[in-house]
Amino acid sequence: MNAPRFYLTTAIDYPNSRPHIGTAFEKLGADVQARYRRMQGYDVVFLMGTDENTVKVSKRAAELGMEVQAYCDDMARQFREVWDALGISYDIFIQTSHARHRDCCRKFIQKVYDNGHIYKGPYEGWYCDGCEEFKTDKQHAENDGKCPNHKTPLTRRSEQCYFFRLSAFADRLLDHYRRHPEFVQPDSRRNELISLIENEGLKDINISRYNQSWGIRIPFDEDYTIYVWFDALLTYVTGIGYGDDRATYDHLWPADIQFIGKDITRFHCALWPAMLWAAGEESPRQVFGHGFVYFDGEKMAKTLGNIVEPMDVITKFSAQAFRYYFMRECPFPSDGDFSWKRFFEVYNADLANNLGNLFSRMTRLAAKNHGGVLPGTAGLKPNGIVANVAEIVARVQGHVEACRYHQALQTIWLEVLNPANKYVEEMKPWSLFKTDPAASARVLYELADVLRLVSIVLKPFMPEASNTIYTAFNFAPAWDAVRYEDAMQWPERQDDLRLGEALATEGVKPLFPRID
RNA sequence: UGCGGUGUGGAGCAGCCCGGUAGCUCGCCAGGCUCAUAACCUGGAGGUCACAGGUUCAAAUCCUGUCGCCGCAACCA
(Lines give C-alpha, C1' and ligand atoms only; values in the text may rest on other atoms or scores of the structure.)
Protein backbone atom coordinates (compact mmCIF):
# COMPACT_ATOMS: atom_id res chain seq x y z
CA MET A 1 0.00 0.00 0.00
CA ASN A 2 3.05 2.20 0.00
CA ALA A 3 3.18 2.33 -3.77
CA PRO A 4 3.70 5.86 -5.06
CA ARG A 5 0.62 7.12 -6.81
CA PHE A 6 0.48 8.40 -10.37
CA TYR A 7 -2.53 10.44 -11.42
CA LEU A 8 -3.00 11.32 -15.07
CA THR A 9 -5.81 12.71 -17.18
CA THR A 10 -6.71 13.36 -20.78
CA ALA A 11 -8.77 16.24 -22.06
CA ILE A 12 -12.48 15.56 -21.75
CA ASP A 13 -14.21 15.59 -25.11
CA TYR A 14 -17.22 17.43 -26.49
CA PRO A 15 -19.78 14.74 -27.26
CA ASN A 16 -21.35 16.51 -30.20
CA SER A 17 -19.68 14.07 -32.55
CA ARG A 18 -17.99 10.71 -32.32
CA PRO A 19 -14.27 10.48 -31.58
CA HIS A 20 -11.86 10.38 -34.51
CA ILE A 21 -8.32 9.09 -34.78
CA GLY A 22 -6.89 12.37 -33.51
CA THR A 23 -8.92 12.11 -30.33
CA ALA A 24 -7.76 8.53 -30.02
CA PHE A 25 -4.13 9.60 -30.44
CA GLU A 26 -4.31 11.55 -27.21
CA LYS A 27 -5.97 8.75 -25.26
CA LEU A 28 -3.40 6.33 -26.60
CA GLY A 29 -0.47 8.45 -25.53
CA ALA A 30 -1.96 8.71 -22.07
CA ASP A 31 -2.72 5.01 -21.98
CA VAL A 32 0.85 4.04 -22.80
CA GLN A 33 2.02 6.21 -19.93
CA ALA A 34 -0.59 4.74 -17.59
CA ARG A 35 0.29 1.17 -18.50
CA TYR A 36 3.98 1.85 -18.20
CA ARG A 37 3.58 3.38 -14.75
CA ARG A 38 1.44 0.48 -13.58
CA MET A 39 4.17 -1.91 -14.70
CA GLN A 40 6.64 0.10 -12.68
CA GLY A 41 4.62 -0.37 -9.54
CA TYR A 42 2.83 2.95 -9.32
CA ASP A 43 -0.68 3.14 -7.97
CA VAL A 44 -2.10 4.62 -11.17
CA VAL A 45 -5.35 6.52 -11.54
CA PHE A 46 -6.26 7.49 -15.09
CA LEU A 47 -9.18 9.85 -15.67
CA MET A 48 -11.03 10.82 -18.82
CA GLY A 49 -14.57 11.86 -19.70
CA THR A 50 -16.96 13.96 -21.73
CA ASP A 51 -17.63 17.68 -21.49
CA GLU A 52 -21.37 18.03 -21.79
CA ASN A 53 -22.52 21.32 -20.34
CA THR A 54 -22.32 23.32 -23.52
CA VAL A 55 -24.92 25.04 -25.59
CA LYS A 56 -23.76 23.10 -28.63
CA VAL A 57 -24.46 19.80 -27.00
CA SER A 58 -27.97 20.82 -26.03
CA LYS A 59 -28.57 22.05 -29.56
CA ARG A 60 -27.29 18.84 -31.05
CA ALA A 61 -29.64 16.88 -28.81
CA ALA A 62 -32.52 19.10 -29.88
CA GLU A 63 -31.70 18.51 -33.55
CA LEU A 64 -31.98 14.81 -32.94
CA GLY A 65 -35.16 15.27 -30.95
CA MET A 66 -33.54 13.81 -27.87
CA GLU A 67 -33.63 14.82 -24.25
CA VAL A 68 -30.22 16.34 -23.49
CA GLN A 69 -29.27 14.01 -20.68
CA ALA A 70 -30.23 10.95 -22.69
CA TYR A 71 -28.18 12.24 -25.59
CA CYS A 72 -25.14 12.81 -23.37
CA ASP A 73 -25.39 9.40 -21.79
CA ASP A 74 -25.65 7.75 -25.16
CA MET A 75 -22.65 9.64 -26.54
CA ALA A 76 -20.63 8.81 -23.43
CA ARG A 77 -21.46 5.17 -24.02
CA GLN A 78 -20.26 5.46 -27.62
CA PHE A 79 -17.02 7.10 -26.55
CA ARG A 80 -16.37 4.42 -24.00
CA GLU A 81 -17.02 1.72 -26.58
CA VAL A 82 -14.28 3.15 -28.74
CA TRP A 83 -11.88 3.54 -25.83
CA ASP A 84 -12.58 0.00 -24.68
CA ALA A 85 -11.99 -1.34 -28.18
CA LEU A 86 -8.64 0.43 -28.24
CA GLY A 87 -7.70 -0.94 -24.86
CA ILE A 88 -7.56 2.43 -23.13
CA SER A 89 -7.14 1.54 -19.48
CA TYR A 90 -8.93 4.44 -17.83
CA ASP A 91 -10.03 4.13 -14.24
CA ILE A 92 -12.49 7.00 -14.04
CA PHE A 93 -14.83 8.30 -16.72
CA ILE A 94 -16.46 11.59 -15.87
CA GLN A 95 -19.56 13.09 -17.44
CA THR A 96 -19.86 16.73 -16.55
CA SER A 97 -23.66 16.58 -16.56
CA HIS A 98 -23.71 14.14 -13.69
CA ALA A 99 -24.65 15.20 -10.17
CA ARG A 100 -21.34 14.57 -8.46
CA HIS A 101 -19.45 16.82 -10.83
CA ARG A 102 -22.17 19.46 -10.68
CA ASP A 103 -22.24 19.62 -6.90
CA CYS A 104 -18.48 19.65 -6.48
CA CYS A 105 -18.06 22.16 -9.26
CA ARG A 106 -20.45 24.52 -7.48
CA LYS A 107 -18.41 24.18 -4.30
CA PHE A 108 -15.26 25.06 -6.19
CA ILE A 109 -16.63 28.17 -7.83
CA GLN A 110 -18.17 29.29 -4.56
CA LYS A 111 -14.74 29.00 -2.95
CA VAL A 112 -13.16 31.10 -5.67
CA TYR A 113 -15.93 33.64 -5.28
CA ASP A 114 -15.50 33.74 -1.50
CA ASN A 115 -11.80 34.27 -1.99
CA GLY A 116 -12.57 37.36 -4.00
CA HIS A 117 -11.40 36.28 -7.44
CA ILE A 118 -14.75 36.60 -9.18
CA TYR A 119 -16.60 39.85 -9.79
CA LYS A 120 -19.66 40.98 -11.70
CA GLY A 121 -19.27 43.41 -14.53
CA PRO A 122 -20.47 44.35 -17.98
CA TYR A 123 -19.43 42.33 -20.98
CA GLU A 124 -19.84 43.95 -24.34
CA GLY A 125 -19.34 42.22 -27.63
CA TRP A 126 -20.74 41.06 -30.94
CA TYR A 127 -23.74 38.84 -30.45
CA CYS A 128 -25.43 36.43 -32.82
CA ASP A 129 -29.12 35.83 -32.11
CA GLY A 130 -29.05 32.56 -34.03
CA CYS A 131 -26.13 31.12 -32.06
CA GLU A 132 -27.26 32.81 -28.87
CA GLU A 133 -23.66 33.61 -28.10
CA PHE A 134 -21.02 36.27 -28.36
CA LYS A 135 -18.49 36.14 -31.17
CA THR A 136 -14.96 37.38 -30.87
CA ASP A 137 -13.86 40.68 -32.37
CA LYS A 138 -11.70 38.70 -34.75
CA GLN A 139 -14.65 36.67 -35.98
CA HIS A 140 -16.56 39.89 -36.45
CA ALA A 141 -13.74 41.47 -38.40
CA GLU A 142 -13.09 38.50 -40.64
CA ASN A 143 -16.69 37.89 -41.63
CA ASP A 144 -17.73 41.42 -42.52
CA GLY A 145 -19.64 41.76 -39.30
CA LYS A 146 -21.70 38.65 -39.93
CA CYS A 147 -22.03 35.40 -38.09
CA PRO A 148 -19.83 32.73 -39.69
CA ASN A 149 -22.60 30.17 -39.24
CA HIS A 150 -25.78 32.12 -39.86
CA LYS A 151 -24.43 34.80 -42.20
CA THR A 152 -26.65 37.29 -40.41
CA PRO A 153 -25.35 40.60 -39.08
CA LEU A 154 -23.94 40.54 -35.56
CA THR A 155 -25.32 43.08 -33.14
CA ARG A 156 -23.51 44.98 -30.43
CA ARG A 157 -24.77 43.85 -27.09
CA SER A 158 -23.84 44.35 -23.50
CA GLU A 159 -24.80 42.28 -20.50
CA GLN A 160 -23.81 41.77 -16.92
CA CYS A 161 -21.76 38.69 -16.24
CA TYR A 162 -19.21 37.18 -13.91
CA PHE A 163 -15.50 37.53 -14.51
CA PHE A 164 -12.64 35.52 -13.16
CA ARG A 165 -9.67 37.72 -12.25
CA LEU A 166 -7.18 35.89 -14.46
CA SER A 167 -5.14 39.03 -15.05
CA ALA A 168 -4.09 39.04 -11.41
CA PHE A 169 -2.22 35.78 -11.91
CA ALA A 170 0.00 36.72 -14.86
CA ASP A 171 3.15 37.32 -12.84
CA ARG A 172 2.68 34.26 -10.70
CA LEU A 173 2.16 32.14 -13.82
CA LEU A 174 5.27 33.44 -15.55
CA ASP A 175 7.22 32.84 -12.39
CA HIS A 176 5.79 29.34 -12.15
CA TYR A 177 6.86 28.49 -15.73
CA ARG A 178 10.38 29.63 -14.96
CA ARG A 179 10.64 27.80 -11.68
CA HIS A 180 9.10 24.61 -13.02
CA PRO A 181 10.25 24.17 -16.61
CA GLU A 182 8.71 20.71 -16.62
CA PHE A 183 5.24 22.14 -16.01
CA VAL A 184 4.47 22.94 -19.66
CA GLN A 185 5.70 20.27 -22.04
CA PRO A 186 7.09 20.01 -24.61
CA ASP A 187 9.43 23.01 -24.32
CA SER A 188 8.20 24.59 -27.55
CA ARG A 189 4.72 24.91 -26.06
CA ARG A 190 6.10 26.63 -23.00
CA ASN A 191 8.01 29.13 -25.09
CA GLU A 192 4.89 29.93 -27.09
CA LEU A 193 2.89 30.42 -23.96
CA ILE A 194 5.43 32.67 -22.29
CA SER A 195 5.72 34.92 -25.31
CA LEU A 196 1.96 35.03 -25.60
CA ILE A 197 1.52 36.20 -22.03
CA GLU A 198 4.43 38.61 -22.18
CA ASN A 199 3.20 40.14 -25.43
CA GLU A 200 -0.54 40.08 -25.05
CA GLY A 201 -1.02 39.73 -21.33
CA LEU A 202 -3.91 37.99 -19.68
CA LYS A 203 -7.40 39.39 -19.52
CA ASP A 204 -10.07 38.60 -17.00
CA ILE A 205 -12.42 36.09 -18.49
CA ASN A 206 -16.15 35.82 -18.54
CA ILE A 207 -17.08 32.58 -16.85
CA SER A 208 -20.83 32.86 -16.94
CA ARG A 209 -23.74 32.56 -19.32
CA TYR A 210 -27.09 34.22 -18.61
CA ASN A 211 -30.41 32.49 -18.80
CA GLN A 212 -29.36 29.13 -20.24
CA SER A 213 -31.45 26.07 -19.49
CA TRP A 214 -28.60 23.54 -19.83
CA GLY A 215 -25.49 23.75 -17.67
CA ILE A 216 -24.41 24.14 -14.08
CA ARG A 217 -26.00 26.98 -12.09
CA ILE A 218 -23.72 29.42 -10.40
CA PRO A 219 -24.38 28.94 -6.68
CA PHE A 220 -24.26 32.62 -5.78
CA ASP A 221 -26.49 33.67 -8.69
CA GLU A 222 -28.82 31.01 -10.02
CA ASP A 223 -29.78 33.03 -13.09
CA TYR A 224 -26.41 32.22 -14.55
CA THR A 225 -24.72 29.01 -15.63
CA ILE A 226 -21.00 28.35 -15.55
CA TYR A 227 -19.28 28.78 -18.88
CA VAL A 228 -17.75 25.55 -20.12
CA TRP A 229 -14.08 26.08 -19.40
CA PHE A 230 -14.57 26.89 -15.78
CA ASP A 231 -16.69 23.79 -15.49
CA ALA A 232 -14.84 21.36 -17.76
CA LEU A 233 -11.38 21.84 -16.27
CA LEU A 234 -12.77 21.01 -12.87
CA THR A 235 -13.44 17.39 -13.82
CA TYR A 236 -9.80 16.74 -13.13
CA VAL A 237 -10.41 17.42 -9.46
CA THR A 238 -14.10 16.61 -9.00
CA GLY A 239 -13.43 13.19 -10.50
CA ILE A 240 -11.10 12.33 -7.64
CA GLY A 241 -13.08 13.73 -4.78
CA TYR A 242 -12.74 17.50 -4.68
CA GLY A 243 -15.67 18.67 -2.63
CA ASP A 244 -16.83 15.35 -1.28
CA ASP A 245 -13.87 13.06 -0.60
CA ARG A 246 -10.96 15.07 0.66
CA ALA A 247 -8.84 12.05 1.58
CA THR A 248 -8.83 10.65 -1.95
CA TYR A 249 -8.34 14.09 -3.41
CA ASP A 250 -5.38 14.82 -1.17
CA HIS A 251 -3.86 11.49 -2.08
CA LEU A 252 -4.12 12.02 -5.85
CA TRP A 253 -3.78 15.75 -6.39
CA PRO A 254 -1.72 17.40 -7.87
CA ALA A 255 -1.89 15.36 -11.07
CA ASP A 256 1.39 13.99 -12.38
CA ILE A 257 0.56 14.54 -16.04
CA GLN A 258 -2.41 16.04 -17.82
CA PHE A 259 -2.52 15.28 -21.53
CA ILE A 260 -4.16 17.79 -23.85
CA GLY A 261 -4.13 18.85 -27.48
CA LYS A 262 -1.68 21.61 -28.28
CA ASP A 263 -4.53 23.98 -29.19
CA ILE A 264 -5.81 24.20 -25.63
CA THR A 265 -2.45 24.74 -23.97
CA ARG A 266 -3.51 28.21 -22.94
CA PHE A 267 -6.50 27.05 -20.97
CA HIS A 268 -4.63 24.30 -19.21
CA CYS A 269 -1.40 26.13 -18.51
CA ALA A 270 -2.70 29.57 -17.64
CA LEU A 271 -6.40 29.54 -16.74
CA TRP A 272 -6.31 26.19 -15.00
CA PRO A 273 -3.47 26.78 -12.52
CA ALA A 274 -4.87 30.23 -11.82
CA MET A 275 -8.28 28.75 -11.01
CA LEU A 276 -6.69 26.25 -8.68
CA TRP A 277 -4.64 28.88 -6.91
CA ALA A 278 -7.73 31.04 -6.59
CA ALA A 279 -9.42 28.19 -4.78
CA GLY A 280 -6.38 27.57 -2.59
CA GLU A 281 -5.33 24.41 -4.40
CA GLU A 282 -2.13 23.32 -6.13
CA SER A 283 -1.33 23.44 -9.82
CA PRO A 284 -0.86 20.10 -11.60
CA ARG A 285 2.76 18.97 -11.91
CA GLN A 286 2.80 18.76 -15.67
CA VAL A 287 0.63 19.57 -18.67
CA PHE A 288 1.64 17.87 -21.89
CA GLY A 289 0.38 19.42 -25.14
CA HIS A 290 0.60 16.71 -27.76
CA GLY A 291 0.53 17.19 -31.53
CA PHE A 292 -2.19 16.63 -34.08
CA VAL A 293 -2.86 13.84 -36.52
CA TYR A 294 -3.47 14.76 -40.12
CA PHE A 295 -5.11 12.58 -42.72
CA ASP A 296 -3.31 12.40 -46.06
CA GLY A 297 -1.52 15.57 -45.07
CA GLU A 298 -4.67 17.53 -44.37
CA LYS A 299 -6.28 18.60 -41.17
CA MET A 300 -9.27 16.46 -40.34
CA ALA A 301 -12.51 18.38 -40.18
CA LYS A 302 -16.18 17.69 -40.46
CA THR A 303 -16.49 20.33 -43.11
CA LEU A 304 -13.84 18.60 -45.21
CA GLY A 305 -15.58 15.29 -44.70
CA ASN A 306 -12.28 13.53 -44.10
CA ILE A 307 -12.80 12.23 -40.60
CA VAL A 308 -11.37 8.80 -39.93
CA GLU A 309 -12.80 6.98 -36.95
CA PRO A 310 -10.76 4.55 -34.88
CA MET A 311 -13.25 1.77 -35.56
CA ASP A 312 -12.58 2.07 -39.29
CA VAL A 313 -9.06 0.89 -38.59
CA ILE A 314 -9.68 -1.46 -35.70
CA THR A 315 -12.32 -3.54 -37.40
CA LYS A 316 -10.20 -3.95 -40.52
CA PHE A 317 -6.99 -4.77 -38.65
CA SER A 318 -6.59 -4.71 -34.91
CA ALA A 319 -6.40 -2.41 -31.97
CA GLN A 320 -2.80 -3.56 -31.51
CA ALA A 321 -1.85 -2.45 -35.01
CA PHE A 322 -3.71 0.81 -34.48
CA ARG A 323 -1.77 1.46 -31.30
CA TYR A 324 1.54 0.66 -32.94
CA TYR A 325 0.96 2.83 -35.98
CA PHE A 326 0.06 5.96 -34.09
CA MET A 327 2.69 5.60 -31.42
CA ARG A 328 5.41 4.82 -33.97
CA GLU A 329 4.47 7.06 -36.88
CA CYS A 330 3.14 10.15 -35.17
CA PRO A 331 5.62 11.81 -32.83
CA PHE A 332 3.58 12.46 -29.72
CA PRO A 333 5.05 15.89 -28.94
CA SER A 334 4.57 17.13 -32.51
CA ASP A 335 2.31 16.35 -35.44
CA GLY A 336 1.86 13.19 -37.44
CA ASP A 337 0.02 11.89 -40.45
CA PHE A 338 -2.26 8.97 -41.07
CA SER A 339 -2.81 7.50 -44.52
CA TRP A 340 -3.97 4.04 -45.46
CA LYS A 341 -0.97 3.61 -47.73
CA ARG A 342 1.43 4.40 -44.93
CA PHE A 343 -0.52 2.24 -42.55
CA PHE A 344 -0.13 -0.79 -44.84
CA GLU A 345 3.58 -0.14 -45.26
CA VAL A 346 4.28 0.20 -41.58
CA TYR A 347 2.10 -2.71 -40.66
CA ASN A 348 3.75 -5.08 -43.11
CA ALA A 349 7.29 -3.91 -42.54
CA ASP A 350 7.39 -3.62 -38.77
CA LEU A 351 4.65 -5.87 -37.48
CA ALA A 352 4.18 -8.66 -40.03
CA ASN A 353 7.65 -9.03 -41.53
CA ASN A 354 9.77 -8.11 -38.58
CA LEU A 355 8.25 -8.78 -35.17
CA GLY A 356 5.53 -11.19 -36.26
CA ASN A 357 7.74 -13.20 -38.56
CA LEU A 358 10.51 -13.49 -35.99
CA PHE A 359 8.02 -14.89 -33.51
CA SER A 360 6.72 -17.36 -36.11
CA ARG A 361 10.07 -18.67 -37.25
CA MET A 362 11.37 -19.10 -33.71
CA THR A 363 8.31 -20.84 -32.31
CA ARG A 364 7.80 -23.06 -35.35
CA LEU A 365 11.38 -24.22 -35.29
CA ALA A 366 11.09 -24.95 -31.61
CA ALA A 367 7.90 -26.91 -32.12
CA LYS A 368 8.96 -28.81 -35.20
CA ASN A 369 12.56 -29.63 -34.39
CA HIS A 370 12.53 -29.80 -30.62
CA GLY A 371 9.02 -30.83 -29.76
CA GLY A 372 8.44 -27.49 -28.08
CA VAL A 373 11.04 -28.04 -25.37
CA LEU A 374 14.59 -26.72 -25.41
CA PRO A 375 16.58 -29.25 -23.38
CA GLY A 376 19.32 -28.18 -21.03
CA THR A 377 18.06 -24.63 -20.68
CA ALA A 378 16.85 -24.83 -17.10
CA GLY A 379 18.73 -22.17 -15.17
CA LEU A 380 20.77 -21.39 -18.25
CA LYS A 381 21.82 -17.80 -18.72
CA PRO A 382 21.54 -16.61 -22.31
CA ASN A 383 24.61 -15.09 -23.89
CA GLY A 384 22.45 -12.32 -25.22
CA ILE A 385 22.10 -11.46 -28.89
CA VAL A 386 22.06 -7.81 -27.97
CA ALA A 387 25.09 -6.79 -26.01
CA ASN A 388 24.05 -3.71 -24.10
CA VAL A 389 20.53 -4.67 -23.12
CA ALA A 390 20.48 -2.73 -19.90
CA GLU A 391 21.53 0.45 -21.65
CA ILE A 392 18.97 -0.01 -24.42
CA VAL A 393 16.12 -0.71 -22.03
CA ALA A 394 17.10 2.32 -19.97
CA ARG A 395 17.05 4.42 -23.11
CA VAL A 396 13.60 3.12 -24.06
CA GLN A 397 12.42 3.89 -20.55
CA GLY A 398 13.71 7.41 -20.82
CA HIS A 399 11.80 7.89 -24.06
CA VAL A 400 8.59 6.49 -22.61
CA GLU A 401 8.79 8.65 -19.52
CA ALA A 402 9.29 11.74 -21.68
CA CYS A 403 6.41 10.69 -23.99
CA ARG A 404 8.76 10.28 -26.94
CA TYR A 405 6.93 7.12 -27.84
CA HIS A 406 8.00 7.04 -31.47
CA GLN A 407 11.63 7.05 -30.39
CA ALA A 408 11.05 4.31 -27.86
CA LEU A 409 9.60 2.08 -30.58
CA GLN A 410 12.24 3.01 -33.09
CA THR A 411 14.92 2.05 -30.60
CA ILE A 412 13.35 -1.35 -29.98
CA TRP A 413 13.18 -2.17 -33.67
CA LEU A 414 16.56 -0.80 -34.59
CA GLU A 415 18.56 -2.10 -31.67
CA VAL A 416 16.81 -5.31 -30.77
CA LEU A 417 14.57 -6.74 -33.46
CA ASN A 418 16.76 -6.04 -36.46
CA PRO A 419 19.84 -7.62 -34.86
CA ALA A 420 17.71 -10.59 -33.83
CA ASN A 421 16.60 -11.20 -37.42
CA LYS A 422 20.20 -10.97 -38.57
CA TYR A 423 21.24 -13.39 -35.86
CA VAL A 424 18.78 -16.05 -37.07
CA GLU A 425 20.13 -15.69 -40.56
CA GLU A 426 23.72 -16.07 -39.41
CA MET A 427 23.15 -19.02 -37.12
CA LYS A 428 20.75 -20.90 -39.40
CA PRO A 429 19.24 -23.05 -36.64
CA TRP A 430 17.27 -25.03 -39.24
CA SER A 431 20.41 -26.45 -40.78
CA LEU A 432 22.34 -26.47 -37.54
CA PHE A 433 19.69 -28.82 -36.21
CA LYS A 434 20.69 -31.50 -38.69
CA THR A 435 24.25 -31.68 -37.39
CA ASP A 436 24.01 -30.38 -33.84
CA PRO A 437 20.53 -30.28 -32.29
CA ALA A 438 21.84 -28.99 -28.98
CA ALA A 439 23.45 -26.01 -30.67
CA SER A 440 20.25 -25.34 -32.57
CA ALA A 441 18.26 -25.41 -29.36
CA ARG A 442 20.72 -22.98 -27.89
CA VAL A 443 20.16 -20.56 -30.76
CA LEU A 444 16.42 -20.76 -30.30
CA TYR A 445 16.92 -20.14 -26.61
CA GLU A 446 18.73 -16.92 -27.41
CA LEU A 447 15.91 -15.90 -29.72
CA ALA A 448 13.32 -16.66 -27.08
CA ASP A 449 15.17 -14.39 -24.73
CA VAL A 450 15.00 -11.56 -27.23
CA LEU A 451 11.28 -12.14 -27.65
CA ARG A 452 10.95 -12.01 -23.88
CA LEU A 453 12.79 -8.72 -23.77
CA VAL A 454 10.75 -7.24 -26.61
CA SER A 455 7.40 -8.34 -25.23
CA ILE A 456 8.22 -6.68 -21.92
CA VAL A 457 9.23 -3.32 -23.32
CA LEU A 458 6.31 -3.36 -25.75
CA LYS A 459 3.77 -4.15 -23.07
CA PRO A 460 2.53 -0.57 -22.61
CA PHE A 461 2.27 -0.13 -26.39
CA MET A 462 0.70 -3.40 -27.49
CA PRO A 463 -0.52 -5.15 -24.35
CA GLU A 464 -2.34 -7.97 -26.17
CA ALA A 465 0.33 -8.82 -28.71
CA SER A 466 2.99 -8.67 -26.02
CA ASN A 467 0.96 -10.94 -23.84
CA THR A 468 0.68 -13.47 -26.66
CA ILE A 469 4.43 -13.50 -27.13
CA TYR A 470 5.37 -13.64 -23.48
CA THR A 471 2.89 -16.32 -22.51
CA ALA A 472 3.84 -18.50 -25.47
CA PHE A 473 6.72 -19.61 -23.22
CA ASN A 474 7.10 -20.56 -19.59
CA PHE A 475 8.88 -17.34 -18.77
CA ALA A 476 9.14 -16.02 -15.24
CA PRO A 477 7.87 -13.93 -13.61
CA ALA A 478 4.15 -14.06 -14.35
CA TRP A 479 2.98 -11.65 -17.04
CA ASP A 480 0.99 -9.47 -14.65
CA ALA A 481 4.00 -8.96 -12.42
CA VAL A 482 6.49 -8.07 -15.15
CA ARG A 483 8.43 -4.83 -14.89
CA TYR A 484 10.70 -3.06 -17.35
CA GLU A 485 13.68 -4.05 -15.24
CA ASP A 486 12.90 -7.71 -15.96
CA ALA A 487 13.87 -7.06 -19.56
CA MET A 488 17.41 -6.35 -18.39
CA GLN A 489 17.80 -9.51 -16.36
CA TRP A 490 17.67 -13.27 -16.84
CA PRO A 491 14.84 -14.83 -14.96
CA GLU A 492 15.68 -17.76 -12.74
CA ARG A 493 13.77 -20.75 -14.03
CA GLN A 494 13.96 -24.29 -12.65
CA ASP A 495 12.68 -26.09 -15.75
CA ASP A 496 13.64 -26.11 -19.41
CA LEU A 497 12.23 -23.43 -21.64
CA ARG A 498 9.16 -24.74 -23.44
CA LEU A 499 6.32 -23.56 -25.58
CA GLY A 500 2.86 -23.42 -24.17
CA GLU A 501 0.82 -26.51 -24.98
CA ALA A 502 -1.50 -24.81 -27.39
CA LEU A 503 1.39 -23.53 -29.44
CA ALA A 504 3.24 -26.83 -29.41
CA THR A 505 0.27 -28.88 -30.51
CA GLU A 506 -1.93 -26.57 -32.55
CA GLY A 507 0.82 -24.67 -34.28
CA VAL A 508 1.58 -20.99 -34.49
CA LYS A 509 -0.82 -18.49 -35.98
CA PRO A 510 0.65 -15.36 -37.52
CA LEU A 511 0.66 -12.63 -34.91
CA PHE A 512 0.14 -9.96 -37.56
CA PRO A 513 -1.03 -11.48 -40.85
CA ARG A 514 0.39 -9.65 -43.83
CA ILE A 515 -1.81 -7.23 -45.71
CA ASP A 516 -1.75 -7.77 -49.43
C1' U B 1 1.54 42.66 -41.17
C1' G B 2 2.65 39.48 -36.73
C1' C B 3 3.59 34.55 -34.18
C1' G B 4 4.94 29.38 -34.51
C1' G B 5 6.45 25.21 -37.46
C1' U B 6 8.81 23.29 -41.76
C1' G B 7 11.88 22.64 -46.45
C1' U B 8 17.73 16.51 -46.24
C1' G B 9 18.44 10.67 -52.34
C1' G B 10 11.39 8.30 -55.45
C1' A B 11 8.16 8.50 -50.36
C1' G B 12 8.28 9.37 -44.95
C1' C B 13 11.71 10.99 -41.34
C1' A B 14 16.54 11.48 -37.97
C1' G B 15 20.85 14.49 -37.70
C1' C B 16 21.01 20.92 -36.54
C1' C B 17 21.08 22.90 -29.45
C1' C B 18 27.22 20.79 -28.32
C1' G B 19 30.21 22.54 -36.46
C1' G B 20 34.54 17.63 -38.71
C1' U B 21 33.39 10.81 -43.31
C1' A B 22 25.07 12.35 -44.91
C1' G B 23 21.93 8.12 -41.29
C1' C B 24 17.11 5.24 -40.64
C1' U B 25 12.48 2.95 -42.54
C1' C B 26 9.79 2.04 -47.05
C1' G B 27 10.30 1.61 -52.34
C1' C B 28 13.68 0.21 -56.56
C1' C B 29 17.85 -3.12 -58.84
C1' A B 30 21.14 -7.49 -58.28
C1' G B 31 22.54 -11.70 -55.44
C1' G B 32 21.99 -15.26 -51.24
C1' C B 33 18.99 -18.34 -48.25
C1' U B 34 14.60 -21.32 -47.68
C1' C B 35 13.15 -22.31 -40.79
C1' A B 36 9.19 -18.57 -41.21
C1' U B 37 3.50 -14.61 -42.55
C1' A B 38 6.28 -15.01 -50.97
C1' A B 39 9.32 -13.73 -45.28
C1' C B 40 14.54 -13.06 -43.91
C1' C B 41 19.97 -11.75 -45.08
C1' U B 42 23.86 -9.32 -48.22
C1' G B 43 25.34 -5.82 -51.87
C1' G B 44 23.95 -1.66 -55.15
C1' A B 45 21.86 2.72 -57.68
C1' G B 46 19.93 7.35 -56.12
C1' G B 47 21.06 13.50 -52.30
C1' U B 48 25.52 20.29 -54.82
C1' C B 49 21.09 18.65 -47.10
C1' A B 50 15.17 25.05 -50.50
C1' C B 51 18.21 29.37 -52.44
C1' A B 52 22.01 33.39 -51.88
C1' G B 53 25.71 35.44 -49.01
C1' G B 54 28.86 35.38 -44.44
C1' U B 55 31.92 33.24 -40.10
C1' U B 56 35.53 29.06 -39.97
C1' C B 57 41.08 25.07 -41.53
C1' A B 58 36.07 22.81 -41.87
C1' A B 59 28.68 24.04 -42.16
C1' A B 60 22.93 20.07 -43.33
C1' U B 61 24.75 21.86 -38.52
C1' C B 62 26.43 28.86 -36.49
C1' C B 63 25.01 34.18 -38.53
C1' U B 64 22.28 37.38 -42.28
C1' G B 65 18.88 37.70 -46.17
C1' U B 66 15.40 35.50 -49.88
C1' C B 67 11.76 32.00 -51.48
C1' G B 68 8.18 27.80 -50.84
C1' C B 69 4.75 24.97 -47.85
C1' C B 70 1.68 24.20 -43.15
C1' G B 71 -0.95 26.03 -38.70
C1' C B 72 -2.80 30.43 -35.75
C1' A B 73 -12.17 31.99 -37.05
C1' A B 74 -15.42 27.93 -36.73
C1' C B 75 -16.81 22.05 -36.50
C1' C B 76 -12.12 20.06 -33.93
C1' A B 77 -7.29 17.03 -30.10
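We name chains A, B, ... by the order of the sequence lines, and we start the count at 1 in each one.
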In whole angstroms, the gap separating P of B/C35 from CZ of A/Arg442 amounts to 24 Å
Is the shortest side-chain N/O distance from A/Lys299 to OP1 or OP2 of B/C70 below 4.0 Å? no
Among the nucleotides B/C40, B/C75, B/A77, whichever has the atom closest to the side chain of A/Arg361 is B/C40
Regarding the side chain of A/Tyr294, the nearest nucleotide among B/C26, B/G71, B/A77 is B/G71
Which atom pairs, donor and acceptor, lie under 3.5 Å between side-chain atoms of residues 425-432 of chain A and protein residues at least two apart or in another chain?
unit_1: A/Glu425; atom_1: OE1; unit_2: A/Arg361; atom_2: NH2; d: 3.3
unit_1: A/Lys428; atom_1: NZ; unit_2: A/Glu425; atom_2: O; d: 3.1
unit_1: A/Ser431; atom_1: OG; unit_2: A/Lys428; atom_2: O; d: 3.2

Just to be sure I understand the rule, does A/Pro513 reach a base, reach only the sugar-phosphate, or reach nothing, if contact means heavy atoms closer than 4.0 Å? base
Within the structure, does a side-chain N or O atom of A/Asn16 lie under 4.0 Å from either OP1 or OP2 of B/C76?
yes
Q. Does atom CZ of A/Arg266 have more than 12 heavy-atom neighbours, drawn from other residues, nucleotides or ligands, at distances under 6.0 Å?
A. no
Value for CZ (A/Phe317) from OH (A/Tyr324), rounded to nearest 0.5 Å, stands at 15.5 Å
B/U25 -> Watson-Crick or G-U wobble partner, both distances under 3.5 Å, gives B/A11
- Give me the ring orientation class for A/Trp272 and A/Tyr236: parallel if the planes are under 30° apart, tilted from 30 to 60°, perpendicular past 60°. perpendicular
For A/Phe512, which contact category applies under a 4.0 Å heavy-atom criterion: base, sugar-phosphate, or nothing? base
The Watson-Crick or G-U wobble partner of B/U1, with both key distances under 3.5 Å, is none
When rounded to whole Å, the CG to P distance for the pair A/Asp296 and B/A11 reads 16 Å
_Students often get this wrong, so: under 4.0 angstrom with heavy atoms, is A/Asp335 touching a base, only sugar-phosphate, or nothing?_
nothing
Does A/Ile264 reach a base, just sugar-phosphate, or nothing at all? Heavy atoms under 4.0 Å. sugar-phosphate
